[in-house]
Amino acid sequence: MTRFLLQPPDLPPALEPLRRDVRAFIARARDAGWFTPRCHGWMAFDADFSKRLGAAGYIGMTFPKAWGGHGRSFFERYVVNEEMLAAGAPVGFHWIADRQSGPQIIKHGTDELRKKVIPGIVRGEICFAIGMSEPDAGSDLAGIRSKATKVDGGWKLEGRKVWTTNGHRAHYMIALFRTAPLDEKKRHAGMTQFVVDLSSPGITRRPIRDMSGGEDFSESTYDDVFVPDSHVLGQAGEGWALVTGELAYERSGPERFLSNLPLLAAAVPGLAQQDGDAVRYETGRLMARLSILRQMSLAVAGKLEAGEQPNVEAALVKDMGNALEQQMPGILRRIDQRRPDLGVEGYESLLAEALLQAPSITLRGGTPEILRGIIARGLGLR
Amino acid sequence: MSETADMLAASAAQIFKRGGWDQIADAGLHRLLLPEDLGGAGDAYEDAVAVATQVGVHALATPLLETMAANWCLAKAGLNVDDLPCGLVLPEGDFLNGRLFCTKPFTVPKDIGRAVIVLGSDIAVMDSFSNQTTASMSLDGIPARQFMPTTEGLDLAELASLPAETPSPVLILALLKAAAMAGAMDAVLELTVDYANTRKQFGRAIGQFQAMQHMIAQLSGDVVAAAACVQHAARALQGPHGDWAVAAAKGFTSEAAGSVAAMAHQVHGAIGFTEDFVLQRYTKCLWTWREDAGSESAWYDLLGSAALRGGSAGLWPAIVEGASL
């Protein structure tokens, strides 16, 4: 059996001044009316707020200074991001670019591409989407049919992407296309990641309205879309390795367990009035799990900082964290009698929003079924 | 884990494999939490957790953890420490005129020299075990005796107080028990993965079935989380809000003990239900230790009360830094 250890790191004391600064920034932002706290802040799209964060130096923190980043540690970035989520700040515009698209381009992109997009990401002006799923390929990503054909100076894209978060309003998409036909014996070979400028001719895109009334998901089609060679990430045909390489960034962060914290915070005054054994037990249980998941997530950040690729550990954090997020509205309704109501400001509308978002938590970024398969293989089940 | 903790864990593992009390005492494991002049390493919670984890990995049926915590109390209170197994009792009741009046029954292991009784910051030593006890046998296989509340109370040998600023002894025992459960769960996971890879049905290893893989993956999440929270609690106990981290660790491991045991038994089928197969030694330990030094009900209650007291604004700081219980 392979053992997976998540050893909570000793956080450097230097993080505390940063945390105080971030909290002060958030308090000012709230007082100035820049945002109203809400759950799932990393889904909340607010270009102005991201520009303000960029100006404060809170985006692209781990990117090297040579490419316009701030050259700071994963833990410093972690502190900024967890404070934002806990406060319910709208960080959805830059979240994906800061978390994985920027790092992916710094790691695998050409210099030309780095110069073109990294400074804009850091300023909070460039939004990224990740184009993986297609109508017939979701969890089984090797089934994608969208394809890229080599032409002079670049590639021509044909196909369709769906369920892409922010795809209809992002500036760029890191999109996975087939550059060689599917080989049933090597299903993951022959795919390539492209950085697609979404303003290119030949792209049609539209938002998909979800059951909560939100428009985060999108569908886009690619008809003879040209992408220059300088926008290929890594080697053509090696896209699968690049996809798996960004999973640990994607799956282990605080957005995998903190999304509903603003709901719990709004519930507390009412719960304190009610009190009772079940109220205390469930509140304590949620707090214990949140505290522990945070330590586990920090431990993955420590592994990323050390240059490891903790994919299985990240899958564990996402699976446990998502389960907790998803269960929270149900737990609260067992101990608090207030009804979900989108029209009543405060706890009632937060509960309603959390309920409506709950199904999406475990269908994005790897379902529990996929995650548990990864964990099982990691443990040595064969 | 630090290098010292790694080395301690390795030598504890060797001792627990052969192990009687004499070997444990020769190695000084029961004195680990004491100051250096008494044969320990100070309040070395991380080292103690490394040893306690091995207690779980080997399903050790010896009251070593109680002895470690009891000796820590004795030393803090300036009382004499010896090398015999010792009980640690956290009863409900009062000390009055040199006697203990408890309101609920309590048990101590049978083969001990003394037991340390803790009531708040007062401690007492009990060294004569009168015959007003009934035999008790907890599921982890340690013979014990049970004391019932009586009107005349129980005789105490020594009374003392813990100095101010000393962490509550229940935190020490809770941390050690949580670590032991993390160790036992790790052993259970290893057994379960091995069994799922070995046992064949329908022409293939049962571990190839997705239903099994997903159950074992969930089990492993609890095991990894248990080790992580124990490790964090050991470090946090050196700081201002260690009680929060210990409460989270003992609450979580106690809760997870039940689900881990249930899933492991399900994977093992009938063989896991037999006395000959080793799984039951671990699951019995888990079912016992989750009740020691406070179950998840007790610890979640404390965490919940603290969170509700702290209000909306206190919620997030409590998750980051902990809060006073």
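Protein chains get the first letters and strands the later ones, always in sequence-line order, with residue 1 at the start of each.
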[X] portion near chain B, given a 4.5 angstrom heavy-atom threshold:
{"X": "A:Arg23", "result": "side chain"}
{"X": "A:Arg294", "result": "side chain"}
{"X": "A:Pro262", "result": "neither"}
{"X": "A:Leu11", "result": "neither"}
{"X": "A:Glu369", "result": "both"}
{"X": "A:Gln273", "result": "neither"}

Quiz item: If you count heavy-atom pairs under 4.5 Å with chain A, which of B:Gly314, B:Ala248, B:Gly310, B:Ala227 comes out on top?
Solution: B:Ala248
Practice problem: Output the option from B:Met212, B:Gln210, B:Gln213 having the highest count of non-hydrogen pairs under 4.5 Å with chain A. | Solution: B:Gln213
Could you check whether any side-chain heavy atom of [X] comes within less than 4.5 Å of a side-chain heavy atom of [Y], counting everything from C-beta outward?
{"X": "A:Leu381", "Y": "B:Gln208", "answer": "no"}
{"X": "A:Leu261", "Y": "B:Ile319", "answer": "yes"}
{"X": "B:Gln218", "Y": "A:Arg372", "answer": "yes"}
{"X": "B:Glu255", "Y": "A:Arg289", "answer": "yes"}

Measuring heavy-atom distances to chain A, does [X] have an atom under 4.5 Å in its side chain, in its backbone, in both, or in neither?
{"X": "B:Trp299", "value": "neither"}
{"X": "B:Glu296", "value": "both"}
{"X": "B:Val223", "value": "neither"}

Self-check item: B:Trp316/A:Glu83 under side chain to side chain donor-acceptor pair (under 3.5 Å): CA gap, chis, key distance, verdict
Solution: CA-CA 9 Å; B:Trp316 173 238; A:Glu83 290 293 335; 3.0 Å; yes
Practice problem: Report the C-alpha distance between A:Met320 and B:Asp222 in whole Å, list the side-chain angles of each, state the deciding distance to 0.1 Å, and finish with yes or no for side chain to side chain contact (heavy atoms under 4.5 Å, CB included). | Solution: CA-CA 9 Å; A:Met320 293 184 77; B:Asp222 283 347; 3.9 Å; yes
Quiz item: Of all of A:Ile375, A:Val317, A:Leu293, A:Asp275, which one pairs up most often with chain B through heavy atoms under 4.5 Å apart?
Solution: A:Ile375
Quiz item: Among A:Arg19, A:Met287, A:Gln7, who wins on heavy-atom pairs under 4.5 Å with chain B?
Solution: A:Met287
Distance-minimising heavy-atom pair for [X] and [Y]:
{"X": "B:Ala225", "Y": "A:Ile292", "result": "O-CG2, 4.0 Å"}
{"X": "A:Leu316", "Y": "B:Ala217", "result": "CD2-O, 4.2 Å"}
{"X": "A:Gly380", "Y": "B:Asn197", "result": "O-ND2, 2.9 Å"}
{"X": "A:Met1", "Y": "B:Glu190", "result": "SD-CA, 3.4 Å"}
{"X": "B:Leu189", "Y": "A:Leu379", "result": "CD2-CD2, 4.2 Å"}
{"X": "B:Trp244", "Y": "A:Ser291", "result": "NE1-OG, 3.1 Å"}

Check: [Y] main-chain N/O paired with [X] side-chain donor or acceptor under 3.5 Å:
{"X": "A:Arg280", "Y": "B:Leu303", "answer": "no"}
{"X": "A:Arg285", "Y": "B:Gly251", "answer": "no"}
{"X": "A:Thr283", "Y": "B:Gly304", "answer": "no"}
{"X": "A:Asp319", "Y": "B:Gly221", "answer": "no"}

